[in-house]
Amino acid sequence: MILKYRSINLPFKYPFTISKGTKTHQPALIVELEYFGIKGYGEAPAISYYNIPVEKMIEDLEAKKSFVEKFSFSDPERYWHYLHHLFPQNNFLVCALDMAGWDLAGKLKGKQLHELWGLDITKAPLTDYTIGIDSVEKMIEKIKEKPWPIYKIKVGFENDVETVAELRKHTNAIFRVDANAAWTLDEALIKIPLLKELGVELVEQPLSKDNWEGMKVLYDFSALPVFADESCVVESDVAKCAGHFHGVNIKLTKCSGITPARRMIKEAKELGLKTMIGCMNESSIGTAAIAQLAPLVDYIDMDGPLLLAEDVATGIGFTDGKIEYSTGAGLGITIDPF
C-alpha cells in the first residue's frame, strides 16, 4: 500500500451560514491509497466545531503513515477495524481512509459499491438543496437561481419562521428545516406547528445535542418528525435516539466512514427510526460515497458539489434532485492525479 494525501480548501458559491457561524471555504483532506497500481480515494472535510482541522488529520496520519501502508489489504471492513484502533480519536481521518479502502475494493472487483452490495439505485431518494442563513432577499434569490424539488432551510435565528413563510411564497417545493441545535424546547414547541402549516416535512436537530429530556418531550408532542444530527455522531448514539427522535441523520465523516454508516443504517431501521445520510459540504469524492449508500435510506442530503464553486473530481451529478451515477468502478469518480 502506498499512501498519498493533500489538503484542499474549496470556495463556496455563497458564504455558507448556519446557526453556528459562517464560512466562505470548505477545507478538507483528500487521501489516495495505491495497491498494486490501483488507486482509491477518500475525503474528510474539516468542521471547526468538531475541532479536527486538516492539520490535525495530517499530523495523525504522518505519525502512523507506515502502519497505514503496512496493512495487507483484502477487505475494506477489516481495514476499517484496523484504522479505527490505529486512530481512535480521529473519526474524520478514519473516514477518509475507509472511503479510499472501499473505492479500492470496488475497483479491484470492477464494480461500483452499490453493485457490490446488490442495491438498486433507482430506489435512491432525491437529494435536497440547502439554503443557508442569509437575508430574506438573498435566500429567495438562491431559490430562484436553483429550482429544486426539495430545499433544506437553515433556521435557528430570530424571525426564522417568518423567513420560511416568505420563502414559501416563491416555491411549492418540499421544505425541510435544520436548526443545528439552536432552539430551546419552548421555541420548538411553538415553531414546529407553524412550520408544519408552511409545508415543512421534517425538522433536523431542533435542540442542543445533549438535551435528551427536552427531546423526549418534543418527540411525544412534535407536529413534525424530528431528526437527530449533532445528537447522532457514532454507532453508540443510534440506540439513544430511539424514543427521542423519529429519525437519524448519519454523516460519514462524523461516524468514521462507510463501514460504520452501513451498520448504523441497519440498526436504525431495526429500532424503527427513519434514516437519512447527510453531507458536510464534501466535494464529489465524499458525495459519491454517500451516493453508494443512498438506496438504503429514506432521505438524502448530499448537495456539497452544488454549494461549492470548485470541485476536485467528476463522476457524480444531479438532475432535479435525482442522483446521476457514472459507470466507473468503486466510488465511480475520476480525480486529477496527485
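Bear in mind the structure is a predicted one, so any value in this text is a computation, not a measurement.
With salt bridges taken as basic N to acidic carboxylate O contacts below 4.0 Å, none links Asp60 and Lys64. The residues Arg262 and Glu77 are annotated as salt-bridged, a charged nitrogen and a carboxylate oxygen being separated by less than 4.0 angstrom.
Between the side chains of Ser231 and Trp212, no donor N or O sits under 3.5 Å from an acceptor N or O. Glu324 and Thr319 share a side-chain donor-acceptor pair at under 3.5 Å. Thr184 and Asp186 share no side-chain donor-acceptor pair at under 3.5 Å. A donor-acceptor pair shorter than 3.5 Å cannot be found between the side chains of Asp178 and Gln205. Side-chain polar atoms of Ser284 and Asp311 form a donor-acceptor pair below 3.5 angstrom. At a cut-off of 3.5 Å, with distance as the only test, a side-chain donor of Asn249 or Glu204 sits close to an acceptor on the other residue. A donor atom on one side chain and an acceptor atom on the other are not found under 3.5 Å apart for Glu69 and Tyr35. Checking Ser74 against Arg78 by side-chain atom types alone, a donor-acceptor pair falls below 3.5 Å. A donor and an acceptor atom, one from each side chain of Asn91 and Lys254, are nowhere located under 3.5 Å apart.
Every residue two or more places apart in sequence or in another chain that forms a salt bridge (charged side-chain N to carboxylate O under 4.0 Å, His left out) with Glu141 is listed here: Lys138. In this view, Trp183 satisfies the ring pair (Phe, Tyr, Trp, His ring centres under 6.0 Å) rule with no residue, not counting sequence neighbours.
At least one cation-pi condition fails for Arg176 and Tyr151: the charged atom is not both under 6.0 angstrom from the six-membered ring centre and inside a 45 degree cone around its axis.
With rounding to the nearest 0.5 angstrom, the NE2 atom of His244 is 11.5 Å from the CG atom of Leu273. For the atom pair Leu306 CG and Asn281 CG, the distance stands at 11.0 Å (nearest 0.5 Å). Rounded to the nearest 0.5 Å, atoms CG (Asp229) and CZ (Phe245) are 9.0 Å apart. Taken from CD1 in Ile285 to CD1 in Ile8, the straight-line distance is 6.0 Å, to the nearest 0.5 Å. Separating the CD1 atom in Ile47 from the NZ atom in Lys23 is a distance of 4.0 Å, to the nearest 0.5 Å. Here the CG-CZ distance, from Leu307 to Phe16, works out to 6.0 Å after rounding to the nearest 0.5 Å.
Counting non-hydrogen atoms of neighbouring residues, nucleotides and ligands closer than 6.0 angstrom, the CD atom of Glu162 exceeds 12 such neighbours. Environment of CZ in Phe157: crowded, with over 12 heavy atoms of neighbouring residues, nucleotides or ligands closer than 6.0 Å. Surrounding NZ of Lys274 are at most 12 heavy atoms belonging to other residues, nucleotides or ligands under 6.0 Å away. In the displayed structure, Phe67 atom CZ is contacted under 6.0 Å by at most 12 heavy atoms of other residues, nucleotides or ligands.
Hydrophobic cluster membership differs between Ile2 and Val31, with clusters built from Ile, Leu, Val, Met, Phe, Trp and Tyr side chains linked at under 4.5 angstrom. Under the 4.5 Å side-chain heavy-atom criterion for Ile, Leu, Val, Met, Phe, Trp and Tyr, Tyr299 and Ile192 are members of distinct hydrophobic clusters. Linking Ile, Leu, Val, Met, Phe, Trp and Tyr whenever their side-chain heavy atoms come within less than 4.5 Å puts Leu104 and Tyr79 in one cluster.
Ring to ring, His25 and Phe12 are not that close: their centroids are 6.0 angstrom or more apart. Outside the 6.0 Å centre-distance limit, the rings of Phe318 and Tyr129 are not counted as a close aromatic pair.
Counting only heavy atoms from C-beta outward, the side chains of Arg263 and Val238 never approach each other to under 4.5 Å. By the 4.5 Å heavy-atom criterion applied to side chains, Glu62 and Lys65 are counted as neighbours.
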Discussion item. Is there a side-chain contact (heavy atoms from CB on, under 4.5 Å) between Val226 and Leu202? Walk through the geometry before answering.
Written reply: CA-CA 6 Å; Val226 285; Leu202 60 85; over 6 Å; no
Practice prompt. Starting from the C-alpha separation in whole Å, work towards a yes-or-no answer on salt bridge (charged side-chain N to carboxylate O under 4.0 Å, His left out) for Lys154 and Asp160.
Written response: CA-CA 9 Å; Lys154 294 291 187 177; Asp160 50 6; over 6 Å; no
Worksheet item: What's the verdict on side-chain contact (heavy atoms from CB on, under 4.5 Å) for Ile335 and Lys39, showing C-alpha distance, side-chain angles and the deciding distance?
Response: CA-CA 10 Å; Ile335 184 171; Lys39 297 175 180 179; over 6 Å; no
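With His84 as the fixed residue, the ring-ring contact (aromatic ring centres under 6.0 Å, His included) test singles out one of Phe87, Tyr82, Trp80: Trp80.
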